[in-house]
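Written below as C-alpha cells is the structure these notes are about.
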Amino acid sequence: MLLIRCPYCGERPETEFHCGGEAHIARPDTPADISDADWGSFLYTRTNPKGLHAERWLHAHGCGRWFNALRDTVSDAFVTTYEMGTPRPDPISETAKA
Amino acid sequence: MLDVNLASRAPALAPRSSDAGVTVAPLGPQGRLSLRIKPAALGDDTAIDGFDLSGPINSRRSAGDGAATRTALRLGPDEWMLLCPADDVEERSEALAAALNDTAHSLVDVSHRDVSFVVAGAEADSVINAGCPIDLALAAFPVGAATRTLLGKAEIVLTRLAEDRFTVTSWRSFAPYVQGFLVEAARHQL
Amino acid sequence: MRRFSLTSLLKEAASGHQGWKRQWRAPEPKKEYDVVIVGGGGHGLATAYYLATVHGVTKVAVLEKGWIGGGNTGRNTTIVRSNYLFDESAALYEHAMKLWEGLSQELNYNVMFSQRGVLMLVHNHHDVISFKRHVYANRLNGIDNEWLTPEECKEFCPPLSISPDLRYPVLGGALQRRGGTARHDAVAWGYARGADARGVDIIQNCEVLGLRRTSDGAVAGVETSRGFIGAKRVGVVAAGHTGVVMSRFGLKMPVESVPLQALVSEPVKPVFPCVVMSNAVHAYISQSDKGELVIGAGTDQYVSYSQQGGIQIVSHTLDAICELFPQFTRMRMLRSWGGIVDVTPDRSPILGKTPIPGLFVNCGWGTGGFKATPGSGHVFAHTLATGEPHPINAPFSLDRFRTGRLIDEAAAAAVAH
Amino acid sequence: MSQPFRRASGGRIDRNRPLTVSFNGKTLEGFAGDTVASMLLASGQHLAGRSFKYHRPRGILSHGSDEPSALLSVDWRHDRGPGYRDPNNRASVVEARDGLVVKTQNHWPSLALDIGAVNDLLSPIFVAGFYYKTFMWPKRFWDKVYEPIIRKAAGLGEAPEYPDPDHYANRHAHADVLIVGAGPAGLAAALTASADASKRVILADEGAEPGGALLNDLTSTIDGQPAMDWVEDAVATLDGRENVILLPRTTGFGYYNHNHVCLVERVSDHRADAPEGLARERLWQVRARQVVLATGSHERPLVFENNDKPGVMLAESLRAYVNRWAVLPGDALIVVTAAASAYRTALDAKAAGMRVEIVDIRLGADCGPELAAARDAGITVRTGHTVIRALGGNRVGALVVAPIGTDGSIGPKLTLDCDCVAMSGGWTPSVHLFSQSRGKLAFDTEIDAFVPDKSVQAERSAGACRGLYDLGAVLADGFAAGSDAIGGAASPQPVEASAAFTGFQPVRVLPSDADPSRIKAFVDFQNDVTVKDIKLAVREGFESIEHVKRYTTTGMATDQGKTSNMNALGLVAGILNRPIPAVGTTTFRPPYTPVSFGALIGPARNELFDPVRKTPIDGWAAQNGAVFEPVGLWRRARYFPQAGEDMQAALARETKAVRSTVGIFDASTLGKIEVVGPDAAEFMNRIYTNAWNKLKTGGCRYGLMLREDGFVYDDGVVARLAENRFHVTTTTGGAPRVLRHMEDYLQTEWPDLDVFLTSITEQWAVIALQGPKARDVLEPFVSEIELSETAFPHMTVKTGSVCGVPCRLFRVSFTGELGYEVNVPADYGEAVWTTLFNAGQKHGITPYGTEAMHVLRAEVGYIVVGQETDGTATPDDVGLSGLVSKVKPDFVGKRSLSRPDMVAAGRRQLVGLLTKDPNEVLDEGAQVVKDPGQPIPMKMIGHVTSSYRSENCGRSIAMAMIDDGRARIGETVFATTPTGFTEAVIAPAVFYEVKGETADA
C-alpha cells in the first residue's frame, strides 16, 4: 500500500486516495476545433512511462482535493506531490537536490 | 391544516454495548453545517458567527460552552464542518449566511446526514486503528485533531477530544457498520 | 523434434531419462529475419509457431528480454473461456477456444487444457440482465454458455454458498462448460518447442532497444542488447512492456500498464471442481492440478512496472472469496505475485497495424490475455505474414480510438476479463 | 504414549505443566513449552507424514517454519464443535497445548502403511515434467480420466469443510523502527533503537519467545554471562520501555511499498484458555519510518541418496530439540556436515548422552578449531568423507559413508549404524523480506549465499540475515543497526561474546559412485524434487532458475524453498558451469510463511463484509413485509407482498394502485448533491448536456450527463433552489462517481469557478407520492406551500414544511402520474412516511418497491441509466438528443459525439418491443434477430433491455436497443427465449397513456 503525501494533509495511506491517471493532459479549450485524431489522442493516448510519471490523485477519503504527483513507476517511489495548477517539477533538479 | 408537528426525530441507531474497556457510544442529534469558502475569499476574518475558522487543515477549534458551544472542524483547505446544538442549527445557518453574504461560499445543512459515536477508553486508539490506517499517536494526531479518513470500508471523520477519547462520524447509513466494527474491534484489543 | 508419448517416456524411464534433448535451441541471433517478434510470452511464441506452420514463414526470431513465458504467461490464473458479448470479441476468443481444444495434440505437449467449466456468478438484478444478454448472444454465435439457477450453481460447484443471507446472494450464473484452465507454462514451452522445431530462433536475454527504419520510413530491423537484427516485419507482443517498447520506436499508445495480483493457497486434496468468477465481488477461483486454490485479485489503481501491488487488493479479493466460500478462511495464502497488464480504454486488445509500415502490434489484453493465446497468435501470424489483418482481428485496430468504434466489453457488461 | 526420549532435566519447558495432545488417535504427552514436533520426538515418533508425489515416509527435518515434511492436520478447538480444523500445519511450529487433535496427512490407509507409496516404485516414470509428455491420448481423456487421478493424488491435507467460527483482527500501526526478528541481532537493535524514548519501536518474532538461535544455545556467553541470561535481561529492559511493543508469535510475512510491512500474530491458538470469540490471529499492518531486518538464516540440508529418511534432521534443529526441548531424537547420532556449526550439535548431543560420530565432507586441514574440540570430547570425526546413502525404512538405520580421494574418487564404503542423523550444508541468510522490499541481492562467494546489497526502502539488515554468523559480530551489527535506524551513531562498541564455529565448504550433491540416474537424493523434500529431476530439466533446456523451478516444482512447496533454493540453484549452476548469479535468483514474494485467508481478511466477514446501507424508512419496510434487494451497498425494498402474493401479484397490485389512486415509494437512495456558488449555473452548463441559464429559481429539469467519451454517464432531476443553488439528483448507484466526476472537472479543469459541491444524499429522506390522489394525500400536511396545478406545476420545487418538518418538495414524476417527491431531513423520514401512509389509507395508498417503480417508468418510456444504457450508448441512441444543447459551445462529452462512429448510421437505438402473444414476457437480455432461421452465427440486430408484465397496459411490454431501431418501427423481429425464439413487433418505447392529470402536462 503506497504512502502518499497529500499536499494538504501530509502522509496518508493509499486507501484514502483515488488515482486519476496521467497528469498535465490539458482539456482543449475549444474541443470543436481539433481533429478526430487529436481528440482521440487526448482521450486515450497515455505516456505510460517506465520511470517518472506525473499523475493525478484525489484525496477522496481525506480533504477531497485533487493534486498531482511525480512517481517512479519502477520503484513506485514518489519524488514529490504538488498542487493542481502548478507545473510539473523538473525531475533533474529534484535529483540534484537529493 | 392538521396539527401534525408530531414527527419525532428517529436516530439512526440504538446503542450497542461493548464489554471491553473501550466504550462505543452513539451521540444524539447535533447541528452540522458544511461550510465551503476559498481561503483567499475568507481572508483574515476567521471568526464567523462565533465559529473559529482559524485552525489549520485537519484540526478542531471549539468556542463557547454549553448550549452556545460552536465547533469548527477544518477538513480541507476550503472546507469546514461546523457543529452546534441540534436546535440551534437554523439560527446559525441564517447568521452565517448573513455574515458571509458578500463572500462566495457554500453553506449546507447536513445535520441529518451524519451520525457520531464517542469512542473512549485507554485503548481507544488501538480499537480505532483496527480499521483506521492513519497514525493515532498523540504526536501525529494530537488532541484537537480532526480529519476525514477510513474505518474499514466506511468513510469517517475522526476527531480527538482527549488522549483516550475520540469521536467517529460517518454518514447515516454507514453508522451501523461503523458501530459494529468498533464493537468487534473492542473485543480483540490488546 | 522428438515426439513425446507414453512410449517415449517409458523408453526413457528405462534408461534414466538420459536421452531427452533440449526442448528448444539457444541460437545466436542471425543477421536478418523475415519476421522479428518482440516478446517471448505465450502470444509471441504462438505467433511464431503459426507463422511457421500455417504460413510457412520460418525465418522468424522471437526476442525475449528475460526468459520465455516469464511475464504474464507465467503469472496469470490460467482461465480459458470464450463467452464474450460482442461479435468481435466472441469471434476472437472462440477462435482461440477451438485451437485450445486440440492444442496438446497439435503441439505434442500436454498443456493440460481442462474443460472443467467456468461459472460466472450473478449477484444482482443488473447482472442477471447482463449475463442473460451474454448467454443469448453466445448461443446465436454458436458459443456454449448456459444460464443456471442458484441451485444449479451449487450443484455444479458444491463448495459454493447460495445462502439467501449472503451479503450479495447468488441469483444465478452463466456457465460455459467448455471453459476451464490450462497449464500456463506448458503453453509457452509447447509453442516454443514447436516453433523451434520448424526453424524459429528463440533468443532469450535479448532486449529490444530501438527500431531502425529505411529511408522511406519502413521497418528495417531492431536494435537489441545483442546488436542489430534486420527484419522485414516486426511484431511487438510485449504485454505490459508494450508502452516501453513502442515509445522506443517513437510511438505513444492508448495503453497503461498496471499491477495485477494473484495468489495461491497451500495445496489441498480436490475440493473445487471448476472455475468460479464473481464480478460483483471481484473474485476468481479455481484449483490447480497440484491442489492449490488459484485466486485472481484485482488491479491496482496506478501505472506501475513493479510487479508488486498493495496487500489491500489481496485482502479485498479474499474477503469476497470467503463470503462465497466461508469454509476457506482457514486456508492459507502460499504465494502471491504480480503481473504487469496493459490495459486499453475499452479493455479490448489492439491487434494490427501501426502508423509505421512493417511494424505491427499485439497488445492491450489487460487481465484476460491468457485465454486468447492460441487465437491471438494465429491471427497475428496471419497479419504478419500477409501484412493485413485477419478478418477476426480487423475490428481490433488502433484506429478505433479515433473513430469511436470501441469494443467495450467491460462497459457493456461490467465483466472483468 | 510416554516420553522415553525426554531428558531428565533442562529445556525451556515447564515440567510443572504437563499436557496431552491427540496424535492420530493416540495420546502424546508433553509439557508447556513443547511443540507438537518436540512431543513426537520425545515419544520416539519420527514418522510424521508422507511426501507429496512418492508418498515416501517423512520425519521432522527442522525445528522452525522452514519445516517441509512434518505437516499435520490440526483441529484446534475440537471441544467447541466443527470448523476449527485446518491442514498443512508444521509440527515444528504448532505449540502444544491441551485439547489439540492432530493427524498426519496424505496417506491411505495409515501413516505407517500407505498404498500411495507405490508411486515411489513408479518414480522412474514420474520424473520432472513427465505429465507434459503424455496423457494426451485419447483427446478428451485428459480432463475426464487422467486429470482427476492426478488431482486426487496431489494436494496435501484436506481443505476445511465448515464455515470458520473463529474471529480475526486487524491493526494498523506506525513505528519509527520496526524490527523483524528477535534473535540476538534483533534484540540488540531494539535495545539501541528504543533507548530514545521518543522513538516508537515494534519488535516482532515468529517464535513463541524472543531469543532466536540463542534459545538453542547452552554454551555461548555474552559479556561473560550465559547467552540466555543476556536475552532475558534484554527482554526485561524492552518490556520496561513504554515506547516498545514486543510481539512474540508474530511473523513478518510481507514487505510492501513504502515501508508497509505486514505481520501476522497468532493470538489464541496456543492458549487452551482463550475465550471464545477472541481473535485467532491479528494482522499487523505496520507503516515504519525505518525497518531493521534481523531475520536470521536457514540451514541447508545435504543432498545424498535417501536424505529424506525419518530421523535425518538439520543439525541445528537437532541441537534445538536436545537443548531447548530436552529431547533426544535418538541414541546414536551421526552428524554429517560441510559446516563447522554442526560440531556444536555434536558436542551438545554428546554432552546430553547420545552416541555421536561426525562425518565431515571437508578435509581436516580445512576445518577450524571445531575439529579439535570434537576430538577432545571423544567424538570420532571422519573428515574428507562423503555419505553414499542412508539406509532404513520408516526410520534411518544407518549411513553408508566413504572417504573421498584427492582425485575425487570414492574410497571403501563403511556402514555406520545410527538412529538419527544431523546434517548441515552450511547456512543461507534469510533475505526474503529484504528481497520483497525490492532490495537488490549480491552473491557473496565467501559464504556461498546471496546477501542484501542495495536497499530500496528505508531498511537495513542485521546479523545472520546478511551473512554474519559469529555471535559477537551479530550482536555488534544489531546494536549498530538499531542505532542507525534512529539516526544515531552506527559505530557502537564491540561486544564480548564467545566465538562461534563458523565457516563451511559449499557442497551441492555429496560425492557418490552410485548411478545418479537410479537414486533419489532430494533437493526439495516436500515436492519430491530430486537431483535427477533438476538435471533432466537442465538437459531439456530449462536453464533459468525460474524455468527450472517451474519445470520441476522445486521451491514451490509450502516451505517455499527455504531449505531447497540454494541447493537447487547451486546444482543448476554446477551443471551449466556458470557462476550462481548467472543462473539467477528467484525473486521472493509475500508471504514469508503461509498466512491464513482469515488473517488477511480480518474483521471483513459476515456483517462486517460490506456495509449494508439502509434508508431511514427501511425499518418500516421491514415491518411491513418488504422483500429487499441489494443495489450497490444499499438494500432497497423490492416489493411489498401481501399474504399469499408472489412477486407478480404484488407488482400487479402496486402498479395499478399508482395509476388508479396513489402509491408511496422510498426514493431516499437517490444520490443528491448540492451545488452552490456564484458560478453554479455555469458549472452545470459545462457538466451537463442541457443548458441551465434559463432554468428559473424554483424550476426543475431532467439533466443528462456524459463522460468525456460521449457516452451516457448519469441522469437525474435537478432543481434550482436559488440563483446560486442547485439540488442535483443522481442515480442510486452513480452517486459517488458522479460527485467525483464533478469534483474532478471543477478542481482540475475549471478551478476558476466559484462553486462548491456537497453530498446531501443522506441528509434527506425522499418519499415519493405518485398517482392521481397524490395531492389529496399530501395537501393536509403541507404548510407554506400551495399545491394547486397553477401554483405548483410539474417540474417545480418549493421549500416549506410537511408534517411540521422542513421540506424540499419536488413536483416530479417517474411514473407519468401526478407526483411529488417529499424530501425531509433523514431522522424525520420514517415519521413523515408513517403519517402520510396512515393518512393515505382513505385514498387507497399503496407502498411500492423498486420493481413496480421500474415497470411504471417503462410504461411511460423513461429510461434507467445502466439498464437501457450500458456505457456504449449516446444520448441519441436512447432518444434523448433533445436534451443535448445545440447552442452551448462545449460541455463534457460534446466533442466526442461528433466522432465518425458516433454519428454513423445503424447505431442501436431505443425502441419498444411488443410480443405477438401479449401474455409472453421477454427475457431481459434477450437477443433480437430478424430471421430466426438463419444459420449460426446469426446476425443479431439488438437486445432487450427491460421487459415486464404491465398490468396497466394489460400486456407485456419491453424496451430494446435495436440497430437503426427508430426507422424500423412496425417491423417484426424475433427475440430469444430460453428454448428458442418468439415473435415481436418493434414499437415506440411508450406503452401507456396517462389519463387525467399527467406529469407531462
Side-chain angles (χ1 to χ4, degrees), chain C residues 4-6 9 13 16-18 20 22-24 67 70 104-105 109-110 114-116 124-125 129 132-133 136-137 140-142 167-168 185-186 266-271 289-291 310-311 314-315 318-319 322-323 326-337 403-405 408 411-412, chain D residues 86-88 124-125 127 132-136 143 147 150-152 154-164 256 262 517 536 539-541 544 547 550 558 589-591 594-598 600-601 604 609-610 630 870-872 899-902 923-927 936-938 940 943 976:
Chain C
F4 290 160
S5 67
L6 183 60
L9 188 66
H17 297 277
Q18 298 299 310
W20 296 115
R22 297 184 67 97
Q23 297 193 0
W24 57 88
W67 36 281
S104 291
Q105 292 71 29
Y109 208 101
N110 187 357
S114 171
Q115 293 181 294
R116 59 184 76 164
N124 58 53
H125 183 62
I129 302 175
K132 285 194 172 172
R133 188 178 163 197
Y136 284 125
L140 301 189
N141 270 323
R167 176 68 183 83
Y168 306 107
D185 293 325
E266 293 182 336
V268 287
K269 293 290 176 191
V271 65
D289 287 338
K290 208 171 162 234
I311 193 172
V314 165
S315 296
L318 288 176
D319 70 28
C322 292
E323 171 74 2
Q327 64 275 41
F328 287 160
T329 43
R330 299 182 84 92
M331 294 290 291
R332 297 188 197 91
M333 175 169 83
L334 170 59
R335 276 194 307 281
S336 68
W337 64 90
T403 66
R405 187 182 288 282
D408 201 337
Chain D
D86 45 48
N88 301 348
I125 302 168
V127 291
Y132 299 129
K133 293 174 177 150
T134 183
F135 302 136
M136 289 179 266
D143 44 6
E147 190 185 41
I150 289 176
R151 294 187 116 209
K152 205 159 168 237
L156 286 165
E158 302 277 348
E161 305 151 273
Y162 301 98
D164 183 0
Y256 294 89
C262 291
S517 70
L536 173 63
R539 190 177 308 133
E540 292 193 85
S544 154
H547 274 162
R550 287 157 180 269
T558 65
R589 304 277 181 200
V595 179
S596 73
F597 291 179
L600 292 164
I601 294 168
F609 166 53
D610 265 2
D870 62 5
T872 65
R899 292 185 292 167
D901 278 318
M902 306 286 271
D923 238 2
E924 289 176 332
Q927 293 286 342
I936 282 174
M938 292 197 188
M940 287 169 257
H943 63 278
T976 54

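Below, read A as the first sequence line, B as the second, and so on, with proteins coming before strands; counting in each chain starts at 1. Bear in mind that the values here come from a model prediction, so they are computed numbers and not experimental data.
The nearest pair of heavy atoms linking D:F609 to C:Y168 is CE2-CE1, 3.8 Å. In plain terms, the two heavy atoms of D:F597 and C:F328 that are nearest each other are CD1-O, 3.2 Å. The two atoms that bring C:V271 and D:A159 nearest to each other are CG2-CB, 3.9 Å, heavy atoms only. Across C:R332 and D:P594, no two heavy atoms sit closer than the pair CB-CB, 3.7 Å. Nearest heavy-atom pair, C:Y136 versus D:A926, reported as atom, atom and distance to 0.1 Å: CD1-CA, 3.4 Å. What you find for D:N88 and C:V268 is that their closest heavy atoms are ND2-CG1, 4.3 Å.
Using a 4.5 Å cut-off between heavy atoms, D:T976 contacts chain C through both its backbone and its side chain. Proximity to chain D involves both the backbone and the side chain of C:D289, based on heavy atoms less than 4.5 angstrom apart. With a 4.5 angstrom heavy-atom cutoff, C:Q115 touches chain D via backbone and side-chain atoms both. Of the two parts of D:Y162, only the backbone, made up of N, CA, C and O, holds a non-hydrogen atom closer than 4.5 Å to a non-hydrogen atom of chain C. Contacts between C:I129 and chain D at a heavy-atom distance below 4.5 Å involve backbone atoms as well as side-chain atoms. Heavy atoms closer than 4.5 Å to chain C are found in both the backbone and the side chain of D:L156.
For the set C:S104, C:G404, C:G16, the count of heavy-atom pairs under 4.5 angstrom toward chain D peaks at C:G404. If you tally non-hydrogen atom pairs under 4.5 Å between each of D:C262, D:G157, D:P87 and chain C, the highest count goes to D:G157. Contacts with chain D were tallied for C:G291, C:G142, C:C322, C:P270; C:P270 has the most, counting heavy-atom pairs under 4.5 Å. Put simply, of C:S315, C:A137, C:A186, the one with the most heavy-atom pairs under 4.5 Å next to chain D is C:A137. Your options are D:I936, D:D164, D:L600, and the one with the most heavy-atom pairs under 4.5 Å with chain C is D:D164. The candidate with the highest count of non-hydrogen atom pairs below 4.5 Å against chain D, out of C:R167, C:K290, C:H17, C:R335, is C:R167. For the options D:M938, D:K152, D:Q927, heavy-atom pairs under 4.5 Å to chain C are most numerous at D:Q927.
Between the CE atom of D:M136 and the CD atom of C:Q105 there is a distance of 7.5 Å, given to the nearest 0.5 Å.
In terms of modelled atom types and a separation under 3.5 Å, the side chain of C:H125 and the main chain of D:P630 share no donor-acceptor contact. Side chain of D:K133 to backbone of C:L6: no donor-acceptor contact under 3.5 angstrom is found. Listed for the C:S336 side chain is a donor-acceptor partner under 3.5 Å among the backbone atoms of D:P590. Under a 3.5 Å cut-off, the side chain of C:N110 and the backbone N or O of D:T134 do form a donor-acceptor pair.
A salt bridge links C:K132 and D:D923; the closest N-O separation between the charged side-chain nitrogens and carboxylate oxygens is under 4.0 Å.
Between D:R550 and C:W67 the shortest side-chain heavy-atom distance falls below 4.5 Å. In this structure, C:R133 and D:D870 have side chains that are in contact, with non-hydrogen atoms separated by less than 4.5 Å. Inter-residue side-chain proximity for C:Q18 and D:R539 is flagged as met; some heavy-atom pair is nearer than 4.5 Å. Counting heavy atoms from C-beta outward, D:P160 and C:M331 have side chains that approach closer than 4.5 Å.
Within a 6.0 Å radius of CZ in C:R405, no more than 12 heavy atoms belonging to other residues, nucleotides or ligands are found.
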